[in-house]
Asks: 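Pasting a structure below so you can have a look.
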Amino acid sequence: MNLKIVSGTDRPNSYALKVSSYVQTLYEQEGVDAEVISLEDFPLEEVVGGRYGKKLPAIEQFREPIINADGLVFVIPEYNGSFPGILKIFIDYLPFPAAFEKMPMAFIGESSGAFGALRSVEQFQMIANYRNALQFPERVFIPRIKNEFDEDRGLTDPFKQKLLDSQVKNFIKFVKATMKKEMDQLV
Ligand SMILES: Cc1cc2nc3c(=O)[nH]c(=O)nc-3n(C[C@H](O)[C@H](O)[C@H](O)COP(=O)(O)O)c2cc1C
């Protein structure tokens with residue numbers, strides 16, 4: 001199974017990237033390879049000036065492992081009550097309508113504020129819904145990220161850690177089920 005964890009910001013030293021790396025270790029413990037892809041590496045210079053519909057090799061190279069994954073885990077911070085602009089730019093440069101079509105997706109929100117990016121994740125989910133993604137219902141929200149997250153030990157609240165562990169275990173099953181469905185359609 002080929003999962004990708006998308007760290008949803010280009011902010012240097014972001015918690016999104018730290019949470020993504022931690023979540024990667026949880027998938028590793030389950031025997032699943034889940035590479036982290038950071039939007040810090042999105043080739044933004046390639047799209048300056050609005051280069052929609054143009055052939056953009058660096059963008060194609062960046063997005064290729066994401067759109068070819070069996071499933072995606074999005075780690076999304078809260079910026080101005082929404083998700084970061086770079087994440088929307090990334091989506092707007094995906095091929096339409098194929099990208100995200102029937103793509104299994106799980107969501108983790110994180111913020112310095114009290115709501116753990118609930119709004120950001122739900123706004124992102126409206127787009128995922130429009131793009132016919134298969135959205136995994138167990139979501140995890142981490143508020144007050146500086147206090148509630150440790151890079152080595154994970155979440156300080158045992159209840160939320162349980163939710164995260166459950167998301168990881170069950171998302172693997174969810175992705176497997178969608179892969180099986182594809183197989184069934186083939187035979
Ligand atoms: C442009 C910007 C806007 C932000 N807006 C919010 C916000 O609306 N609500 C909030 O709780 N935190 C907000 N934050 C703080 C982030 O939640 C905080 O940086 C946290 O560490 C998660 O983001 P990170 O993954 O970039 O570290 C904002 C941060 C930035 C850079």
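Reckoned from all heavy atoms, side chains included, excluding hydrogens, waters and symmetry mates.
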Asks: If you count heavy atoms of other groups shown closer than 6.0 angstrom to CD of Q61, is the number above 12?
Replies: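 No.
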
Asks: Can you tell if the side chain of I67 reaches within under 4.5 Å of the side chain of L94, non-hydrogen atoms only?
Replies: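 Of all side-chain heavy-atom pairs linking L94 with I67, at least one is under 4.5 Å.
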
Asks: Taking S82 for the side chain and Y79 for the main chain, is one N or O donor matched with an acceptor at less than 3.5 Å?
Replies: no

Asks: Using atom types as modelled and distance alone, determine if a side-chain donor or acceptor of Q123 lies under 3.5 Å from a backbone N or O of G81.
Replies: yes

Asks: Could you measure the distance from the CG atom of L17 to the CG atom of D10? Nearest 0.5 Å is fine.
Replies: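 It is 11.5 Å, given to the nearest 0.5 Å.
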
Asks: So if you build clusters from Ile, Leu, Val, Met, Phe, Trp, Tyr with side-chain heavy-atom gaps below 4.5 Å, do I86 and V47 land together?
Replies: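 Yes, it is one cluster - the side chains of I86 and V47 are joined through contacts under 4.5 Å.
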
Asks: Between Y27 and D33, is the side-chain contact (heavy atoms from CB on, under 4.5 Å) condition met? List the steps.
Replies: CA-CA 7 Å; Y27 278 99; D33 180 34; over 6 Å; no

Asks: Look at E40 together with R11 and state whether they make a salt bridge at an N to O cut-off of under 4.0 Å.
Replies: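 Salt bridge: no.
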
Asks: Got a salt bridge between E46 and R51, using NZ or NE/NH1/NH2 to carboxylate O under 4.0 Å?
Replies: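 Answer for the salt bridge query: no.
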
Asks: Would you indicate whether the side-chain heavy atoms of M1 and K176 approach each other to under 4.5 Å?
Replies: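 Heavy-atom side-chain distance check passes, below 4.5 Å.
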
Asks: Could you check whether D165 pairs with K169 (Lys NZ or Arg NE/NH1/NH2 to Asp/Glu carboxylate O, under 4.0 Å)?
Replies: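 Judged by the 4.0 Å cut-off on N to carboxylate O distance, D165 and K169 do not form a salt bridge.
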
Asks: Hey, any chance V168 and I76 share a hydrophobic cluster, counting ILVMFWY side chains that come within less than 4.5 Å of each other, even indirectly?
Replies: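 No; tracing contacts between hydrophobic side chains, which count when under 4.5 Å, never links both residues.
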
Asks: Does the side-chain contact (heavy atoms from CB on, under 4.5 Å) test come out yes or no for I59 and F42, once each step is laid out?
Replies: CA-CA 7 Å; I59 298 289; F42 183 81; 3.5 Å; yes

Asks: Test your reading of the model: is there a side-chain donor-acceptor pair from D70 to the backbone of N2, 3.5 Å cut-off?
Replies: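 At least one qualifying donor-acceptor pair exists.
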
Asks: Could you tell me whether the side chains of N68 and E64 share a donor-acceptor contact shorter than 3.5 Å?
Replies: yes

Asks: So, for D152 and D150, which heavy atoms are closest and what is the spacing to 0.1 Å?
Replies: N-OD1, 2.9 Å

Asks: Can you tell if the side chain of K102 reaches within under 4.5 Å of the side chain of N132, non-hydrogen atoms only?
Replies: no

Asks: What pairs meet the ring-ring contact (aromatic ring centres under 6.0 Å, His included) rule with one or both residues in residues 2-21, with sequence neighbours excluded?
Replies: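 Counting only pairs at least two positions apart or across chains, no ring-ring contact (aromatic ring centres under 6.0 Å, His included) contact touches residues 2-21.
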
Asks: Do F115 and P143 have side-chain heavy atoms sitting under 4.5 Å apart?
Replies: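 F115 does not reach P143 side chain to side chain.
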
Asks: Can you tell me how far apart CE (M105) and NZ (K4) are? Round to the nearest 0.5 Å.
Replies: 15.0 Å

Asks: Are side-chain heavy atoms of L39 and P84 found at a separation under 4.5 Å?
Replies: no

Asks: If you count every heavy atom of other residues, nucleotides or ligands that lies below 6.0 Å from F62 atom CZ, does the total exceed 12?
Replies: yes

Asks: Mind checking whether V32 and L3 have side chains closer than 4.5 Å, heavy atoms only?
Replies: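 Yes - at least one pair of side-chain heavy atoms lies under 4.5 Å apart.
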
Asks: Can you tell me how far apart CG (N129) and CD (E122) are? Round to the nearest 0.5 Å.
Replies: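 So the CG of N129 and the CD of E122 are separated by 11.5 Å.
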
Asks: Side chains of R63 and P95: closer than 4.5 Å at any heavy-atom pair?
Replies: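 R63 reaches P95 side chain to side chain.
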
Asks: Out of curiosity, does V75 fall in the hydrophobic cluster containing I127 (side-chain heavy atoms, cut-off under 4.5 Å, transitive links)?
Replies: no

Asks: So which atom in L118 and which in E78 form the shortest heavy-atom distance, rounded to 0.1 Å?
Replies: N-OE1, 4.4 Å

Asks: Under 3.5 Å, is there a donor-acceptor pair between the Q161 and R153 side chains?
Replies: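 Result is no, nothing qualifies.
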
Asks: Using atom types as modelled and distance alone, determine if a side-chain donor or acceptor of Q24 lies under 3.5 Å from a backbone N or O of A34.
Replies: yes

Asks: Give, for atom NZ of K18 and atom CD of E110, the distance between the pair rounded to the nearest 0.5 Å.
Replies: 10.0 Å

Asks: side-chain contact (heavy atoms from CB on, under 4.5 Å), that's the test. Do F141 and V121 meet it? Break it down for me.
Replies: CA-CA 9 Å; F141 301 102; V121 168; 3.7 Å; yes

Asks: Hey, would you say the Y52 and Y93 ring centroids sit under 6.0 Å apart?
Replies: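 Close enough - the centres of the two rings lie under 6.0 Å apart.
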
Asks: Under the 3.5 angstrom rule, does the side chain of S111 hit a backbone N or O of G116 as a donor-acceptor pair?
Replies: yes

Asks: Are any of the side-chain heavy atoms of R131 and F96 separated by less than 4.5 Å?
Replies: yes

Asks: For the pair F136 and F174, name the ring-plane relationship: parallel under 30°, tilted 30 to 60°, perpendicular over 60°.
Replies: tilted

Asks: I5 and I108: same hydrophobic cluster, using ILVMFWY side-chain contacts below 4.5 Å?
Replies: yes

Asks: Nearest 0.5 Å please: distance from the CZ atom of R119 over to the CG atom of N80.
Replies: 10.5 Å

Asks: Does F107 belong to the same Ile/Leu/Val/Met/Phe/Trp/Tyr cluster as L134, with side-chain heavy atoms less than 4.5 Å apart forming each link?
Replies: no

Asks: At what distance, to the nearest 0.5 angstrom, does CD of E148 lie from CG of L155?
Replies: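 Answer for the CD-CG pair, E148 versus L155, is 8.0 Å.
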
Asks: Any sub-3.5 Å donor-acceptor pair from S166's side-chain atoms to K162's backbone N or O?
Replies: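 Judged by distance alone, no pair lies under 3.5 Å.
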
Asks: Evaluate the side-chain contact (heavy atoms from CB on, under 4.5 Å) criterion for residues E151 and F149: first the C-alpha distance (whole Å), next the side-chain angles of each, then the deciding distance (0.1 Å), finally the verdict.
Replies: CA-CA 7 Å; E151 283 181 57; F149 171 73; 4.0 Å; yes

